[in-house]
There are 2 protein chains.
Amino acid sequence: MKNRTKPSASELVILKALWKLAPQSAREIHNAVEEKLEWSYSSTRKTLERMNEKHLLSVSEVHGIRVFHPAVNKVKTLARYIKDFTQSVLEVDGQIPVSMFADSKLLNEDELAQLEKTLQQKDES
Amino acid sequence: MKNRTKPSASELVILKALWKLAPQSAREIHNAVEEKLEWSYSSTRKTLERMNEKHLLSVSEVHGIRVFHPAVNKVKTLARYIKDFTQSVLEVDGQIPVSMFADSKLLNEDELAQLEKTLQQKDES
DNA sequence: GTAACTATGCGACAAGTGTCGCATGTGCGT
DNA sequence: ACGCACATGCGACACTTGTCGCATAGTTAC
């Protein structure tokens, strides 16, 4: 079974930090997203906790402290957002040109290729 | 002062119905969005009520029944969504090619042109 | 005028999210 | 042994959104 619910915007910020570098401790993640979210450390931690409950990430211990790993795939997650957006906001049904994301700072060529493939597919479970 | 908060996905569905044809009564709107949202009439009405409170739409009376008008601009609203999405999900900062929306069933040429202009602008209040 | 429909106004409840704070535990420096 | 700085575990509160239901008032068909 796949996750049904899209991560929220804030959760996405955190996921992005982890996709860039993982695992990271709560403190490290907090420092990484502090500027975007402007949250207190408590808020970051609570969100992390909830994301864990939702299996958006997983936890392990290193030297006695908990570190977080992303538990959802980057390209798939982004693809979910993109499909969602194009359908529900733009109401474009046909192909989504990948050229659209070429400027994105998030994706390297490999990932762009994967994304293209993923966007082509119908909805799988 | 402009609206600060983006309409939610469901609110957008309702707004789209109204952009297509306005004004409409609660009942008419409900019929129009029923398929998308699968809500009971009560839910539609409540949402309408809340959208009114938020000034996403306005109300007037015709023959004793209340009808709703959209109170936010279609192109501006869509542009908000697009900017938001490209920045927060895709992290594309530069220009957004309008070609992206050419396939959209939502916009005619005029609107596409306006959209292009709007996307070019920096954030105004 | 009476019953059957609607339209409206409201109240409610639950889940998800943003946003913290407090209390407890534990390793480290002196 | 003591106190400090963190890490963790939890509880809480407010707001938004989804989702209805109920009660009252007006309108219309017998």
Side-chain angles (χ1 to χ4, degrees), chain A residues 3-18 23-69 72 77 80-81 84 88-89, chain B residues 3-18 23-69 72 77 80-81 84 88-89:
Chain A
N3 244 320
R4 255 323 146 208
T5 41
K6 236 182 8 175
S8 75
S10 308
E11 290 170 338
L12 188 61
V13 172
I14 290 180
L15 281 174
K16 282 181 180 177
L18 286 175
Q24 293 188 70
S25 70
R27 186 65 71 179
E28 290 168 325
I29 294 172
H30 178 64
N31 292 336
V33 302
E34 198 168 18
E35 214 165 292
K36 289 257 182 201
L37 298 180
E38 300 190 289
W39 280 354
S40 73
Y41 180 49
S42 278
S43 300
T44 305
R45 276 195 333 109
K46 189 52 150 186
T47 301
L48 251 13
E49 187 186 327
R50 287 171 178 163
M51 289 174 75
N52 186 29
E53 280 162 15
K54 279 188 283 187
H55 308 294
L56 289 176
L57 30 82
S58 64
V59 188
S60 62
E61 299 242 337
V62 181
H63 304 304
I65 70 158
R66 295 160 71 78
V67 292
F68 300 84
H69 307 252
V72 292
T77 304
R80 271 263 277 300
Y81 265 94
D84 220 71
S88 76
V89 179
Chain B
N3 243 319
R4 256 318 147 212
T5 41
K6 236 182 8 177
S8 76
S10 309
E11 289 169 340
L12 188 61
V13 172
I14 290 179
L15 281 173
K16 281 181 181 177
L18 286 174
Q24 292 188 71
S25 69
R27 185 65 73 178
E28 290 168 325
I29 294 172
H30 178 65
N31 292 336
V33 302
E34 198 169 16
E35 215 166 290
K36 289 258 183 200
L37 298 180
E38 300 189 289
W39 279 355
S40 73
Y41 180 49
S42 278
S43 301
T44 305
R45 277 197 330 109
K46 188 52 148 187
T47 302
L48 252 12
E49 187 186 326
R50 288 174 178 159
M51 288 174 74
N52 186 29
E53 281 161 16
K54 279 188 282 190
H55 307 293
L56 288 176
L57 30 83
S58 63
V59 189
S60 61
E61 300 242 337
V62 181
H63 304 306
I65 69 159
R66 297 160 70 78
V67 293
F68 299 84
H69 307 251
V72 292
T77 304
R80 271 262 277 301
Y81 265 94
D84 220 69
S88 76
V89 179

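A quick note: this is a predicted structure, and the numbers were derived from the prediction, not measured. Values below: every heavy atom of this structure, side chains too, minus hydrogens, waters and symmetry copies. So you know, we letter chains A, B, ... as the sequences are listed, proteins then strands, and number each from 1.
Residues passing the salt bridge (charged side-chain N to carboxylate O under 4.0 Å, His left out) test with Glu49(A), sequence neighbours excluded: Lys46(A). Partners of Pro7(A) by side chain to side chain contact (heavy atoms under 4.5 Å, CB included), not counting sequence neighbours, listed by chain and number: Glu11(A), Leu15(A), Leu56(A), Thr77(A), Tyr81(A).
Side-chain atoms of Arg80(A) come within 3.5 Å of backbone atoms of Thr5(A) as a donor-acceptor pair (strictly under, hydrogens ignored).
At whole-Å resolution of the value, CG in Leu48(B) and P in dT19(D) are 15 Å apart. Spacing between atom CZ of Phe68(A) and atom C1' of dT8(D) amounts to 10 Å, rounded to whole angstrom units. Residue Glu11(B) contributes atom CD, which lies 11 Å from atom C1' of dG18(D) at whole-angstrom precision. The interatomic distance linking His63(B) (NE2) with dT6(C) (P) rounds to 19 Å, in whole Å. The separation between Met51(B) atom CE and dT16(D) atom C1' is 14 Å, rounded to whole Å. Taking atom CZ of Arg50(A) as the reference point, atom P of dA15(C) lies 13 Å away to the nearest angstrom. Note: CD (Glu49(B)) to P (dA7(C)) measures 16 Å, nearest angstrom. Atom pair Asn31(A):CG and dA7(D):C1' shows a separation of 14 Å (rounding to whole Å applied).
In summary, of the residues considered (Val72(B), Ile29(B), Leu48(B)), a side chain to side chain contact (heavy atoms under 4.5 Å, CB included) with Leu57(B) occurs for Leu48(B) alone.
A donor atom on one side chain and an acceptor atom on the other are not found under 3.5 Å apart for Thr44(A) and Thr47(A).
Nearest approach of Gln24(A) to Ala32(A), heavy atoms of both residues: OE1-CB, 4.5 Å.
Taking only distance into account, the side chain of Arg66(B) never meets the base of dG9(C) through a donor-acceptor pair shorter than 3.5 Å. A donor and an acceptor atom never sit less than 3.5 Å apart when one is taken from the side chain of Lys46(B) and the other from the base of dG9(C).
Close to dG18(C), at under 4.0 Å from its OP1 or OP2, lies a side-chain N or O of Ser10(A). Contact annotation: Lys54(A) reaches the phosphate of dT17(C) (side-chain N/O to OP1 or OP2, under 4.0 Å).
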key: Verdict with reasoning, Asn31(B) to Glu34(B), per side-chain contact (heavy atoms from CB on, under 4.5 Å)   = CA-CA 5 Å; Asn31(B) 292 336; Glu34(B) 198 169 16; 4.0 Å; yes
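Among the protein residues, Ser25(B) comes within range of no part of the nucleic acid, since none of its heavy atoms lies under 4.0 Å from any strand. Nucleic acid contact for Arg27(B): sugar-phosphate only, since backbone atoms but no base atoms lie under 4.0 Å from a heavy atom of the residue.
A heavy atom closer than 4.0 Å to some atom of DNA chain C occurs in Tyr41(B), Arg45(B), these being the qualifying members of residues 37-45 of chain B.
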